[in-house]
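The block underneath contains the structure these notes are about, expressed in structure tokens.
Just so it is clear, the structure is predicted and the values come from calculations on it, not from any experiment. Numbered from 1 within each chain, the chains take letters A, B, ... in sequence-line order.
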Number of protein chains: 2
Amino acid sequence: MATLKQVAAHAEVSVQTVSNALNAPHRLRPDTLERVNKSIELLNYRPNRNARSLRTSAVELIGYCVPNWPNQTHLVMDQFLHALCAAAERTGRHILLFTAPPGVDGMPTYDDLHARRLVDGFVLSQTETHDPRHAWLKEQGIPFVSFGRVWKETTQPGPWVDVDGAAGSAMAVRHLYETGRRRIAFIGWPKSSGLAEDRYGGWRDECKKLGLQTTGLSIRCREDSLDEGARATAALLDAGRELDGIVALSDILALGALRELTRRGITAGREIGLTGFDDSPLADVVSPGLTSLRQPMDDIAGELIEILTGAPDGTPTERLLQPELVIRGSSAPG
Amino acid sequence: MATLKQVAAHAEVSVQTVSNALNAPHRLRPDTLERVNKSIELLNYRPNRNARSLRTSAVELIGYCVPNWPNQTHLVMDQFLHALCAAAERTGRHILLFTAPPGVDGMPTYDDLHARRLVDGFVLSQTETHDPRHAWLKEQGIPFVSFGRVWKETTQPGPWVDVDGAAGSAMAVRHLYETGRRRIAFIGWPKSSGLAEDRYGGWRDECKKLGLQTTGLSIRCREDSLDEGARATAALLDAGRELDGIVALSDILALGALRELTRRGITAGREIGLTGFDDSPLADVVSPGLTSLRQPMDDIAGELIEILTGAPDGTPTERLLQPELVIRGSSAPG
DNA sequence: CTGAAAGCGCTTACAG
DNA sequence: CTGAAAGCGCTTACAG
């Protein structure tokens, strides 16, 4: 492995000049620059990142805690990670993966990684309604950005990027309305989830705006599972609500709904229009395909990295992105 | 942030002694050690990893290229990543994520990450039959270990860990046999895939061993999709093979089979026993649940890290692990 | 525009 | 068992 010193010797300049050729080429006379670059190429020189980091005390590494929630499979994690990685690389950075216990128990791990200079900061995801991590990091002065808002707070404890769940639900309602549905139900989660309330509110408000009924048409599941989605659907149907549309808070719940509909001989996309959330791989795997709201992963990742790595001052550090409705057979015109 | 020097001053010893307290505590007299440790704790000292790495020229980071194959969702990637991360951490290491173009076009990225000392070596996965990466890395002398064998080679180009696909298929056949099935079909991929031939061979050999018919009972799909799995199932049924069992090469194909069976009013786990491969989240999501062969992720990850980070000399660098049959409703006794 | 020097925070032979 | 010194490979003021 060639070093700066060797390149300098080869190009007959000082190490400082080689360093400048790499980091501030405009400071060199064109002919010097060219000579140095030739030596760099000839010796196949690559700057040692550790030496650089030691000097500048920036490692250009961003920590991300790989989630491990056995009961909640992260169906779009691979998409998110790829987008995050690509966005980081566009700024010369990379993602360092680590594991940590959930909640506040994991914070020493975050602290340690930062203190030992393994990372410059963190991207948080899987943000929970009472997530304690944000306030903790803020207090320690450790840089971070959150994918997802901390709902219990009136003011957010730090910079965040999120997808507009209310707008997503509203888009789903409007779409079902436009395909002829007039009695559109909502299958959600408990009130304690801020994310769930956001999406629920979007459904309710859009229904009202369109003059559609909402009372008796929403139901809260205890957990995000197929069985709960099926149970909720059964309950709605058994109550004689005469639905013709269902907006489900997640693809998993939507799939549960789909199963129950199929069991009763009801075809999604004919008698009932159905939509999910997240556009997970599951959505494309069922038949009919599930209409779902896609999170714009590339944009999300780009904003996260931009905020974390210190965009030009004055850049807003709170960004709400719009989901995109991906239309498939489950919401075909009735 | 406290430094070694500050800790040394506080404990009234030399920096060397503090370093030893951390890296070779047995060299210190117990009372000195205790005094140093007290200072370390008091000053909340954390060794700077960059400085250490610069000196030792080991970064304790392992590169992993996050796959992005739009047409082949990596359904168990989150499990794999979590296991890999945890295994790395057990040795004080971490995973650095990066993106690279597929095949040989991506190799300069690997080379660069290694040359600039961002990583010590790589874990490869998504190994393809004609994967050029292994030989390339070997030639460059860049450390790596592969999850999955390179099938075209007679001798493997480097250390690997893999799951015994033939044994997996055999387990599936035996299980279906034990639940009363006697005409067990195989739905696979093209011959060009080594992985597919491995699993196919396991089905064929186990059937022969049990005295079961195989001719006319295997079919190759063009790609790993629901539709292909459904098509293959339809073809087998239409040919009047009177199947009572299906071993599918993947969960995706199995789900396709399940769809076709359901469409024809055939219940998996009653008239026909069905198994998949990989125990992806999908397996648990359908109804009936899909019996599938789980890859032992924690073991795989542990072996990968052990091999890559230089286990004691003489440790074998080729390890074939056994999958585990996870039994669900799709193979209930007929 | 170019160069000599200091220093980032560690570890590692080597002496004592 | 403990310490003084060199050095890992860079970058960054500072002089010239």
Side-chain angles (χ1 to χ4, degrees), chain A residues 1-40 43-61 92-93 112-120, chain B residues 1-40 43-61 92-93 112-120:
Chain A
M1 286 277 57
T3 68
L4 251 202
K5 212 167 160 181
Q6 291 167 24
V7 175
H10 186 271
E12 298 182 309
V13 293
S14 70
V15 290
Q16 142 83 312
T17 299
V18 181
S19 178
N20 277 338
L22 256 23
N23 302 314
H26 59 272
R27 288 201 200 151
L28 301 206
R29 232 173 31 214
D31 59 322
T32 316
L33 181 57
E34 199 191 345
R35 200 167 77 246
V36 172
N37 280 337
K38 222 162 241 162
S39 297
I40 287 175
L43 299 179
N44 192 25
Y45 169 71
R46 326 281 181 91
N48 180 313
R49 178 69 147 273
N50 286 312
R52 175 174 218 281
S53 294
L54 179 57
R55 193 58 240 255
T56 63
S57 73
V59 287
E60 325 260 86
L61 249 35
R93 274 163 257 254
D112 205 55
L113 288 169
H114 181 256
R116 291 159 63 206
R117 313 288 22 240
L118 272 96
V119 303
D120 295 325
Chain B
M1 284 277 56
T3 67
L4 251 201
K5 212 167 162 181
Q6 290 166 24
V7 175
H10 186 271
E12 298 183 307
V13 292
S14 72
V15 292
Q16 141 83 314
T17 299
V18 181
S19 179
N20 277 338
L22 257 24
N23 302 314
H26 59 274
R27 287 199 200 153
L28 302 206
R29 230 171 36 212
D31 59 322
T32 316
L33 181 57
E34 199 191 344
R35 199 169 76 245
V36 172
N37 279 336
K38 223 162 242 161
S39 298
I40 287 174
L43 299 180
N44 192 22
Y45 169 70
R46 324 281 181 92
N48 180 312
R49 178 69 147 271
N50 286 314
R52 176 176 217 280
S53 293
L54 179 57
R55 194 57 242 255
T56 64
S57 74
V59 286
E60 324 261 85
L61 250 35
R93 276 163 256 254
D112 205 55
L113 288 169
H114 181 256
R116 289 160 62 207
R117 312 293 16 244
L118 272 96
V119 303
D120 295 324

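Phosphate contact (OP1/OP2 of D:dC1, side-chain N/O of B:Thr17, threshold under 4.0 Å): absent. For B:Arg29 and D:dT2, the shortest distance from a side-chain N or O to OP1 or OP2 is below 4.0 Å.
Applying the salt bridge (Lys or Arg N to Asp or Glu O under 4.0 Å) test to A:Arg29 and every residue at least two apart in sequence or in another chain returns A:Asp31. The salt bridge (Lys or Arg N to Asp or Glu O under 4.0 Å) test applied to B:Arg27 returns no partner, not counting sequence neighbours. Taking A:Arg46 as the reference, A:Asn44, B:Asp111, B:Asp112 meet the side-chain hydrogen bond (donor to acceptor under 3.5 Å, both in side chains) condition, with sequence neighbours excluded. Applying the side-chain hydrogen bond (donor to acceptor under 3.5 Å, both in side chains) test to A:Ser14 and every residue at least two apart in sequence or in another chain returns A:Thr17. Annotation: salt bridge (Lys or Arg N to Asp or Glu O under 4.0 Å) contacts of B:Arg35 (sequence neighbours excluded): none. Partners of A:Gln6 according to the side-chain hydrogen bond (donor to acceptor under 3.5 Å, both in side chains) rule, which considers only residues two or more places apart in sequence or in another chain, do not exist here. Here A:Ala58 pairs with A:Thr56, A:Glu60, A:Asp120 under the side chain to side chain contact (heavy atoms under 4.5 Å, CB included) rule; sequence neighbours left out. Among residues two or more places apart in sequence or in another chain, the salt bridge (Lys or Arg N to Asp or Glu O under 4.0 Å) test is passed with B:Glu12 by none. For A:Ser39, the side-chain hydrogen bond (donor to acceptor under 3.5 Å, both in side chains) partners are A:His10, not counting sequence neighbours.
Between B:Arg27 atom CZ and C:dC14 atom C1' the separation is 12 Å, expressed in whole Å. Here the C1' atom of nucleotide D:dC1 and the CD atom of B:Glu34 are 17 Å apart, to the nearest Å.
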A correct 5'-to-3' footprint of nucleotides 5-11 of chain C, with B, S and - meaning base, sugar-phosphate only and no protein heavy atom under 4.0 Å, is -BBBBBB
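Within residues 6-14 of chain B, the residues approached by DNA chain D to less than 4.0 Å at the level of any non-hydrogen atom are B:Val13, B:Ser14, in residue-number order.
Annotated stems with DNA chain C as a participant read C:1-3 with D:14-16, C:5-12 with D:5-12, C:14-16 with D:1-3, given as range with range, by first number; only runs of 3 or more Watson-Crick or G-U pairs under 3.5 Å qualify.
In this structure, B:Val18 and B:Val13 have side chains that are in contact, with non-hydrogen atoms separated by less than 4.5 Å. Contact check for B:Asn23 versus B:Arg52: side-chain heavy atoms found under the 4.5 Å cut-off.
If you check every strand for non-hydrogen atoms under 4.0 Å, B:Ser53 touches nothing.
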